[in-house]
There are 2 protein chains.
Amino acid sequence: MVRAGGDAAAAVYDLLASFVRLSPRDMSLTSIAALSTLERTGPRRITELAASEGVTQPSVTSLVAALVRVGYVERRGDPTDKRAVVVAITEAGSAYLGARRAVTAGIFADAVDQLSAEEAATLAAAVPVIERLRDLVERQRGAAQDQK
Amino acid sequence: MVRAGGDAAAAVYDLLASFVRLSPRDMSLTSIAALSTLERTGPRRITELAASEGVTQPSVTSLVAALVRVGYVERRGDPTDKRAVVVAITEAGSAYLGARRAVTAGIFADAVDQLSAEEAATLAAAVPVIERLRDLVERQRGAAQDQK
DNA sequence: GGAACTATATAGAGTGTCTATATATCTCTG
DNA sequence: CAGAGATATATAGACACTCTATATAGTTCC
């Protein structure tokens, strides 16, 4: 009964595919997600970022190198551990995320505008739940990795 | 006010990233989406599939070749046009989609179970709206391409 | 002080996407 | 009704991103 997960999974998946296809493709999904994570949770190490994005450390190293090249993040040393690299989002990075969201939101807004007021309200009500779901899912993935 | 698109864009995008990272990675997102489209709307030509998935025709050609190799789709000729190839999902393809959804849904169900009853209800209510939104977005993308 | 561990970097392979172009077939016009 | 242009798919080659395996630099702990 509470298992909305089943229906939601199938329904949302196709929507997400549309989402991906409609979004600007100037950067990989992983890079966007990493930028978003850095913005939401603050600076992180390469390894932490790899864990939180679910990709390997070498992937993050090259991804970060690319983001540094375009100025969206910066690499800082960790004074307490000279091996580590702490990655932080820059203002340009935040601006990029904002612009990107605006573009994507614009595309979706046109579709949302065609919903009835009631449908739109239903969707709007679900947004915070979706955000919470994201956090729950992230925490769960972290737990799953710890088991390994 | 009706502009839930803005918030939804950012929220859903991050959820998408989690979704993608947690899903089985034995096949590309585009291939899954194509399979799903074939299941939902019936057999389509290579070119149609390319348009509906938002990728190029050569990409679909090779993607379909891979899906044929594993038996998830079959290539049929179009009797009325010998140039064309009509792609149809097979039973194995549907079974694969079903299994995949079950896995993904399972992951999400665990998270959904941690939501309150009220939150779960809110999410469940939004599912049909999300499905409708997907259709609106797809139609819109088609229209946008026609303009070009 | 050195062995074992940890953080990041580098190398090389595999996959998926793209653009440009080739081939086969169809359609329509003079 | 023949040939020109349009259309459907295939092929070739390049580029981007990811992975596994391994190297290097720094840390921790006995």
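To find a chain, count down the sequence lines: A is the first, B the second, and so on, and within it residues start at 1.
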Would you indicate what [X] reaches in the nucleic acid, counting non-hydrogen atoms under 4.0 angstrom: base, sugar-phosphate, or nothing?
{"X": "S31(B)", "answer": "nothing"}
{"X": "V60(B)", "answer": "nothing"}
{"X": "T47(B)", "answer": "sugar-phosphate"}

With a 4.0 Å cutoff (strictly under), does any side-chain N or O of [X] reach OP1 or OP2 of [N]?
{"X": "T30(B)", "N": "dT17(C)", "value": "yes"}
{"X": "T61(B)", "N": "dA10(D)", "value": "yes"}
{"X": "R75(A)", "N": "dA7(C)", "value": "no"}
{"X": "R69(A)", "N": "dA16(D)", "value": "no"}
{"X": "T56(B)", "N": "dT17(C)", "value": "no"}

Inset, instruction - Could you verify whether a donor N or O on one side chain and an acceptor N or O on the other, from Q57(B) and T61(B), lie under 3.5 Å apart? - result: yes

Legend entry - hbond_proxy R83(B) side chain to dT7(D) base (donor-acceptor, 3.5 Å cutoff): yes

Inset, instruction - Answer yes or no: side-chain N or O of Q57(A) and base N or O of dA9(C) forming a donor-acceptor pair under 3.5 Å. - result: yes

Legend entry - Most 5' of S62(A) and K82(A) on DNA chain D, judged by nearest nucleotide: S62(A)

Inset, instruction - Hey, which sits more toward the 5' end of DNA chain D by its nearest nucleotide, D81(A) or I46(B)? - result: I46(B)

Legend entry - Out of dA9(C), dC17(D), dT17(C), whichever nucleotide has its closest atom nearest the side chain of S28(A): dC17(D)

Legend entry - Residue P58(B), side-chain atoms from C-beta onward, closest of dA10(D), dA7(C), dA9(C): dA10(D)

Legend entry - Nearest-0.5 Å distance, CD of residue E53(B) to OG1 of residue T37(B): 3.5 Å

Inset, instruction - Rounded to the nearest 0.5 Å, what's the gap from CZ on R83(B) to OG1 on T47(B)? Could you check? - result: 9.0 Å

Inset, instruction - Locate the shortest heavy-atom distance separating A92(B) from G71(B); write the atom from each residue and the value. - result: CB-O, 3.6 Å

